Structure formats: structure tokens, C-alpha cells
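Report on the structure given below.
All of these numbers come straight from a predicted model, not from anything done at the bench. A note on names: the letters A, B, ... follow the listed sequences, proteins ahead of strands, and every chain is numbered from 1.
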Amino acid sequence: MEDLKITGQHGSFFTPNVHFSASTGICEISGESYLEESFEFYDRLIRWVEEYFQQNDRIIVNFKLTYFNTSSSRAILDLLKVLKKYKDEGKDVTVNWYYPDPDDDEMLMEAEDYIDETGLDINLISYTIEKK
Amino acid sequence: MEGHKVFLYYKGPFDEIILNKIGTYLRYKFPASPRACGKLFSIFIELAQNISYYSAETEIYDDSEKRHGIGTIAILDAGEKFKLISGNLVENDIVDDIVSKIEKINQLDHEGLRQLKKEVRSSPRKEGHKGGNIGLIQIAIKSENPLEVETKPYDAQHSFITLTTYINKDIEETSETTSSHA
């Protein structure tokens with residue numbers, strides 16, 4: 001199975017960096033997610049996860065987003081729901097949510113809301129960013 | 001709007017380039033107020049995407065034949081707050097729906113808004129909707145101020161809808177004294 005790699009862009013829209021590794025099971029989404037076709041973008045990630053779990057039992061997903069718009073936020077929820085589904089089926093699913101300090105865009109609050117909505121355990125981890 | 005300084009005014013189609021350019025400009029406009037700038041940016045993006053997707057007035061703006069909604073956004077420096085105003089045409093039959101949505105939003109506190117956002121976000125995707133359908137709720141959460149809405153009949157089918165919201169500027173982090181905002 002191939003890795004899924006998408007290099008983030010700051011063009012007309014902001015695409016996050018994606019690196020889903022099939023060999024290690026470590027998947028990272030970082031940067032900013034401001035997309036027009038949010039569902040299309042995240043559905044691709046969901047399809048990769050579904051294919052991955054056909055042959056694997058363990059995944060670690062690291063979210064390190066600093067901003068996302070509301071249409072991305074709904075698509076991210078769908079991805080988290082899929083991860084929760086696999087966890088309920090007995091797969092080893094770890095989700096780490098990194099939020100910046102200072103957290104001007106309230107990423108911690110977003111994660112808390114996702115935990116509430118999905119029932120998924122998400123590890124909340126803060127990291128320091130240089131002030132611009 | 002006496003004493004209010006307009007620092008951004010745009011009228012026209014809200015295509016992705018406009019969203020990106022204005023959004024980026026707002027994000028770094030006030031380096032002393034990073035928190036307010038983040039809010040300006042994210043609220044602008046939500047208001048602009050509302051216009052882009054849902055304005056009743058559209059224009060085919062580029063070769064891709066994509067339709068972009070036309071509308072207006074103004075942003076003012078109103079002393080202790082920033083004021084954002086957006087306006088666009090909407091079909092008359094959805095006006096009541098938008099107004100009642102905003103009235104509901106304004107009755108809720110921060111926790112209530114988060115709850116409503118979760119409820120709406122968890123509902124099934126709407127056919128033909130590109131957005132999360134939670135833009136207005138997110139604007140209210142981010143702005144920490146009530147939304148104001150005004151509608152005026154435009155023609156037999158359309159009304160002009162104006163949304164106004166505010167963002168509190170950052171309080172000086174270095175100062176130990178509590179700010180004496182009247």
C-alpha cells in the first residue's frame with residue numbers, strides 16, 4: 001500500500017500537509033485547512049484509512065492544525081468518526097491533537113468539541129509557537 | 001458611523017483570490033493584536049464564503065464558469081472593537097430562516113453556542129452544501145459579540161440582508177491593570 005502524501009499549499013486555498021505512512025501507521029495532518037471542496041479532500045484521507053485497516057490493526061493519527069474553516073471542520077469530524085468506528089471494532093487507534101500555545105485560534109476548544117461529538121479519546125498536547 | 005474608520009471595503013464577486021488576498025491582509029494587519037487578527041481573519045472567511053456560496057446575485061467570473069456570489073464586506077475600526085459588516089442579496093423565501101437562526105444564536109452563551117455547533121455539525125451532510133452549515137454559529141463563537149441582522153426588500157423575489165458583528169481588540173497583555181472600558 002502506498003503512503004498518502006500531500007504537500008500543503010498557501011495558494012488560493014490553504015491545503016494542509018498530509019503524510020499518512022502505510023509502513024509505520026503514523027499519519028500526520030498539519031498546517032492550515034481552508035478549502036472549498038473540503039469533503040473531497042478529507043474523503044480521500046478516509047478512503048486511505050479504510051484501505052489501511054484492511055491489512056493493519058494499529059494507527060496513530062497526529063493532528064497539528066493551526067486553523068481550519070467550518071467546511072473543513074465538518075469534514076474533519078467525518079474522519080474522526082471513521083477512526084472511532086475502527087476503534088469500536090477493536091483496532092488500536094491513537095489520536096493526538098497538538099494545539100499551539102498561544103492558542104489564538106482556539107484549537108484546544110475545537111478538539112474538546114470533537115471529543116464530545118465522537119466519543120473518541122483524543123490526547124491533547126500543547127506546543128509552543130514563536131510569536132510573529 | 002461617526003468616529004468609525006473604514007479600513008476595508010470590498011464590493012464584487014467573492015472568488016477564492018479575493019478571499020485569500022483580503023484574508024491574508026487582515027491576518028497580519030495589526031501585529032499588536034494577534035488574537036483579534038486571527039478572529040478578523042476567520043470571521044471574514046466565513047462571511048465571505050457565505051456570500052460566495054449563497055448570495056442570490058452571482059457572476060461567472062473566470063474561465064472555469066464557476067459562479068461566485070456578489071456582495072459587500074466592510075470592516076471598521078470602532079475604537080475598542082472592530083466592526084464587520086457584510087451585505088448581499090438573498091431569495092425572499094429564506095430570509096425568515098436566516099433571521100430566526102440569528103435570533104436563536106443571539107440567545108445562547110458561549111457554551112450554548114458550542115453545543116448548537118456540535119448538534120448541527122453532527123447532522124447529515126446536506127446535498128449540494130459545500131460548507132459545514134455552521135458558519136454563522138462559528139462567527140458568533142469567534143466574535144464573542146451578538147450578531148445584528150437587517151433585511152430590506154429589494155424586488156419581488158429578493159431582499160438585501162446585512163449582517164453586522166464585532167470583535168473585541170486585544171487587551172494589552174503587558175499591562176497588569178484591568179482595562180477601564182466604559
Side-chain angles (χ1 to χ4, degrees), chain A residues 8-15 31-43 46 65-82 84-85 99-120 122 128-132, chain B residues 14-21 23-24 27-28 30-50 52-53 62 66 68 110-111 113-126 129-139 141-142 144 170 173:
Chain A
Q9 283 179 353
H10 254 197
S12 301
F13 292 96
F14 303 160
T15 320
E32 302 188 305
S33 183
Y34 153 47
L35 305 155
E36 189 179 28
E37 303 293 343
S38 298
F39 293 135
E40 209 175 287
F41 186 89
Y42 284 93
D43 282 353
I46 289 170
L65 292 164
T66 50
Y67 166 76
F68 47 85
N69 65 343
T70 53
S71 96
S72 296
S73 99
R74 200 186 179 103
I76 292 167
L77 175 67
D78 290 343
L79 173 61
L80 291 168
K81 280 181 175 170
V82 167
K84 168 74 166 130
K85 184 191 82 182
Y99 62 95
D101 175 27
D103 188 17
D104 288 336
D105 288 300
E106 291 150 333
M107 288 295 121
L108 175 60
M109 182 183 84
E110 298 288 353
E112 289 168 352
D113 288 349
Y114 280 135
I115 292 170
D116 225 28
E117 267 172 287
T118 58
L120 186 67
I122 300 178
T128 310
I129 48 164
E130 295 278 315
K131 271 210 161 189
K132 285 197 184 82
Chain B
F14 278 77
D15 64 272
E16 51 263 43
I17 297 162
I18 288 296
L19 262 70
N20 178 284
K21 293 291 177 204
T24 306
R27 202 171 203 182
Y28 304 110
F30 304 101
S33 288
R35 191 167 177 273
C37 273
K39 288 175 184 291
L40 267 178
F41 169 73
S42 61
I43 293 172
F44 167 78
I45 292 289
E46 298 299 332
L47 288 172
Q49 279 190 318
N50 271 345
S52 184
Y53 297 163
D62 54 28
K66 265 203 293 195
H68 298 291
H110 181 74
E111 287 310 310
L113 287 168
R114 283 174 74 176
Q115 200 52 44
L116 180 64
K117 178 173 128 181
K118 283 181 269 191
E119 279 165 28
V120 176
R121 189 162 62 182
S122 287
S123 61
R125 288 183 193 179
K126 276 192 182 174
H129 265 239
K130 285 181 178 179
N133 213 19
I134 53 169
L136 288 174
I137 307 167
Q138 182 74 348
I139 289 168
I141 292 173
K142 288 278 180 195
E144 301 167 312
D170 292 19
E173 284 168 19

Item to complete: May I ask you to test the Leu40(B)-Phe44(B) pair for a side-chain heavy-atom distance under 4.5 Å?
Response: no

Fill in: Lys81(A) and Leu120(A), any side-chain heavy atoms less than 4.5 Å apart
no

Worksheet item: Do you know which of Arg27(B), Lys39(B), Lys117(B) has the most heavy-atom pairs with chain A at a distance under 4.5 angstrom?
Response: Arg27(B)

Worksheet, complete the sentence: Applying a strict 4.5 Å limit to non-hydrogen atoms, the region of Asp78(A) in contact with chain B is side chain

Discussion item. Applying side chain to side chain donor-acceptor pair (under 3.5 Å) to Ser73(A) and Arg121(B), what does each step give before you reach the verdict?
Written reply: CA-CA 8 Å; Ser73(A) 99; Arg121(B) 189 162 62 182; 3.1 Å; yes

Worksheet item: So which of Asn69(A), Thr118(A), Leu35(A) has the largest heavy-atom pair count under 4.5 angstrom toward chain B?
Response: Asn69(A)

Practice prompt. Select, from Arg114(B), Gln138(B), Lys142(B), the one with the greatest count of heavy-atom pairs under 4.5 Å involving chain A.
Written response: Arg114(B)

Discussion item. Please confirm whether the ring centroid of Tyr53(B) lies under 6.0 Å from the ring centroid of Phe14(B).
Written reply: no

Worksheet, complete the sentence: Under 4.5 Å to a heavy atom of chain B? For Phe68(A) that would be neither

Worksheet item: Listed by chain and number, what are the side-chain contact (heavy atoms from CB on, under 4.5 Å) partners of Glu119(B), not counting sequence neighbours?
Response: Gln115(B), Leu116(B)

Worksheet item: Where on Ser52(B) is there a heavy atom nearer than 4.5 Å to chain A: the side chain, the backbone, both, or neither?
Response: neither

Worksheet, complete the sentence: Bottom line for Ile141(B): the part with an atom under 4.5 Å from chain A's heavy atoms is side chain

Practice prompt. Against chain A, label Ser123(B) side chain, backbone, both or neither, depending on which of its atoms sit under 4.5 Å from a heavy atom there.
Written response: both

Discussion item. Taking His68(B)'s backbone N and O only, do any of them form a donor-acceptor pair with Asp15(B)'s side chain (distance below 3.5 Å, no angle check)?
Written reply: no

